[in-house]
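Below is one structure, written out as structure tokens, with a few remarks after it.
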There are 2 protein chains.
Amino acid sequence: MAAQKVARLISERSIGRLSLYRRLLNVLQGEGVRNIYSHQLAAMAGCTAAQVRRDLMAVGYSGSPTHGYEVPRLIESLREFLDAPGGQGVALVGVGNLGKAILSYFTGRRPNLQIAAAFDSDPYKVNRVIHGCRCYSMEHLAEVAEGQGIRLAIITVPAQAAQAVADALVQAGVRGILNFAPVRLRVPDHVHVEDIDMTVSLEKVAYFARQSAERGSRP
Amino acid sequence: MAAQKVARLISERSIGRLSLYRRLLNVLQGEGVRNIYSHQLAAMAGCTAAQVRRDLMAVGYSGSPTHGYEVPRLIESLREFLDAPGGQGVALVGVGNLGKAILSYFTGRRPNLQIAAAFDSDPYKVNRVIHGCRCYSMEHLAEVAEGQGIRLAIITVPAQAAQAVADALVQAGVRGILNFAPVRLRVPDHVHVEDIDMTVSLEKVAYFARQSAERGSRP
DNA sequence: CTAACGCTGTGACCTGTTTCACGACCACCG
DNA sequence: CGGTGGTCGTGAAACAGGTCACAGCGTTAG
Ligand SMILES: NC(=O)c1ccc[n+]([C@@H]2O[C@H](COP(=O)([O-])OP(=O)(O)OC[C@H]3O[C@@H](n4cnc5c(N)ncnc54)[C@H](O)[C@@H]3O)[C@@H](O)[C@H]2O)c1
Ligand SMILES: NC(=O)c1ccc[n+]([C@@H]2O[C@H](COP(=O)([O-])OP(=O)(O)OC[C@H]3O[C@@H](n4cnc5c(N)ncnc54)[C@H](O)[C@@H]3O)[C@@H](O)[C@H]2O)c1
């Protein structure tokens with residue numbers, strides 16, 4: 001059973017969809033749905049049935065052609081595939097407008113992937129508890145991160161501070177960063193960075209909205 | 001000159017990068033840089049020089065092999081390519097934790113793509129000015145949106161309200177939506193939706209961080 | 001009991017994106 | 001004044017991701 005499969009290469013896109021499927025399945029389970037077909041999941045996720053089946057190949061649980069996928073079993077398989085075994089603590093650095101919103105949102109939501117500690121350089125925020133999360137000074141970053149086994153972090157500091165924060169996080173043993181600062185971070189190869197760039201997303205919306213408007217008016 | 005090129009088909013990915021290039025160029029211009037080569041831009045954007053050149057083919061401004069691209073000219077070309085001619089107003093619906101953070105961030109930032117109006121169903125928020133933006137009641141959505149020529153919107157309401165809000169926005173003439181609610185919105189074909197799903201992004205980070213950690217420890 | 005159905009898993013194919021490679025160009029240097 | 005070096009634009013190759021189609025199989029209707 002320890003025969004871990006030989007590092008199945010899964011695309012980044014697929015992982016995103018698997019996470020999405022899991023959330024949809026959790027909702028379904030709450031509604032008492034026991035079984036589901038790939039085409040139903042596809043309709044909810046906004047992709048094709050073939051894609052759902054292809055993605056699910058990776059998680060190692062096969063559905064039945066007659067009843068589709070058992071919702072609880074599939075959720076469990078996704079959990080095994082996606083989640084770290086013992087849960088994983090997350091640090092949030094930069095308790096400003098965005099950081100506070102994120103804290104409020106993630107507090108007490110997913111059982112694993114909890115935000116375990118917040119950090120800020122502003123002395124007015126240090127040592128306060130914000131949305132149920134203790135805010136530490138930046139000096140204690142390494143200490144707290146190591147003490148709590150934190151390997152993931154969210155960066156919500158101003159752009160000009162982001163690289164320095166990232167360096168400190170990497171130094172403290174962080175392996176994955178969700179970065180909201182509009183800056184391309186330089187990190188070692190073994191650290192994974194995911195950027196969320198709202199400005200770029202908004203400009204994309206603006207561009208394609210204009211595009212489809214023009215197209216729609218002259219088809 | 002009105003010979004608009006025949007609707008060059010540009011991939012979504014490319015538009016995102018073009019937006020990124022523009023932001024990088026604006027920074028460079030602030031630093032007094034006059035010219036730049038594709039490989040320099042590539043290093044900053046985190047992609048290859050070939051990709052930069054390929055992306056820039058779409059905007060219709062050619063660099064010089066000897067001096068690269070003129071920063072001000074390139075910015076201007078990107079502006080012409082990406083931006084709506086007279087600027088574009090954006091509505092924000094849902095002035096909660098996240099909505100307020102976004103308001104504070106976008107206020108007075110980009111000259112075009114201003115958040116022109118906010119909306120909320122909470123009577124305590126209606127008619128107040130939050131981060132310099134007037135908050136209207138949902139009943140006035142169509143009226144205000146049409147009055148201000150708003151075609152874009154940001155949705156930051158709870159998941160269960162998102163579809164209804166999207167419907168109202170489409171009804172009010174909105175063509176593009178930046179959606180933060182963890183729900184796949186159903187909209188007509190001529191409306192472009194861009195999702196930002198922080199939970200999925202965080203789970204992706206967790207997965208790939210774990211992956212590279214395992215890989216890194218046993219290479 | 002049999003046939004027909006509908007779904008899954010997966011190999012083969014196809015489409016869209018990225019990378020490579022090369023001709024053309026210009027500035028600079030010897 | 002010709003060679004050299006470096007860069008741009010772009011056709012073509014390479015790649016990745018997504019779609020199609022079908023064999024296999026339990027279920028169920030007749
Ligand atoms: N607010 C948004 O909606 C939004 C949208 C898009 C991008 N962003 C990006 O997110 C980041 C934060 O935005 P914000 O609006 O929350 O800003 P903010 O100014 O409200 O918050 C920044 C926080 O980071 C802290 N900080 C500053 N330097 C620090 C350092 N070196 N170490 C630790 N903490 C430090 C500050 O004390 C403050 O609490 C920015 O990079 C911004 O570009 C924000
Ligand atoms: N806060 C975050 O960091 C975060 C992270 C990821 C996703 N999200 C998503 O963003 C959305 C908002 O999150 P939040 O933390 O700001 O929530 P919130 O509860 O703080 O804010 C929601 C706001 O929407 C308003 N609202 C509710 N129903 C409405 C309706 N029908 N019409 C108009 N306004 C309505 C409420 O009055 C409130 O002001 C949610 O869908 C959440 O899932 C938030």
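Atoms considered below: every heavy atom in the structure, side chains included; atoms not considered: hydrogens, waters and symmetry mates. Reminder, nothing fancy here: chain letters follow the sequence lines and each chain counts from 1.
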If the cut-off is 4.0 Å, is [X] near the phosphate of [N], judged by side-chain N/O to OP1 or OP2?
X	N	answer
A:Gln51	D:dG17	no
A:Ser11	D:dA16	no
A:His67	D:dG26	no
A:Ser64	D:dG26	no
B:Arg17	C:dT18	yes
A:Ser62	C:dT8	no

Charged N-O contact under 4.0 Å between A:Arg73 and A:Glu76: no
Under-4.0 Å salt bridge between A:Lys204 and A:Asp197: no
Let me know the distance between [atom1] of [X] and [atom2] of [N], rounded to the nearest Å.
X	N	atom1	atom2	value
B:Ile10	C:dG16	CD1	C1'	13 Å
B:Leu18	C:dT18	CG	P	11 Å
A:Glu12	D:dG18	CD	C1'	17 Å
A:Ile36	C:dG6	CD1	P	19 Å
A:Gln40	C:dG6	CD	P	14 Å
B:Asn35	C:dC26	CG	C1'	14 Å

Touch class at under 4.0 angstrom, heavy-atom based, for B:Arg54 against every strand present: base
Sugar-phosphate, base or nothing in reach of B:Ser14, heavy atoms under 4.0 Å: nothing
Closest contact, heavy atoms only, A:Leu18 versus A:Leu56: CD2-CD2, 3.9 Å
DNA chain D: 5'-proximal contact among B:Tyr61 and A:Asp55 (nearest heavy atom): B:Tyr61
Between [options], spot the one nearest the side chain of [X], thanks.
X	options	answer
A:Ala50	D:dG17, C:dT17, D:dC20	D:dC20
B:Met57	D:dT7, D:dG9, D:dG17	D:dG9
A:His39	C:dT18, C:dT10, C:dC7	C:dC7

Side-chain donor-acceptor contact under 3.5 Å, B:Asp167 with B:Gln171: no
Between A:Tyr21 and A:Asp55, a side-chain donor and acceptor under 3.5 Å: yes
No-H, no-angle donor-acceptor pair, A:Arg13 side chain to D:dG17 base, under 3.5 Å: no
Earlier contact from the 5' end, DNA chain C, for A:Leu56 and A:Thr66: A:Thr66
Members of residues 68-78 of chain B that approach DNA chain C, where some heavy atom sits under 4.0 Å away: none
Distance flag, aromatic centroids of B:Phe81 and B:Tyr61, threshold under 6.0 Å: no
Row check, B:Tyr105 ring normal vs B:Arg109 NZ/CZ: under 6.0 Å, within 45°: yes
Student check: side-chain heavy atoms of B:Thr156 and B:Leu92 closer than 4.5 Å: yes
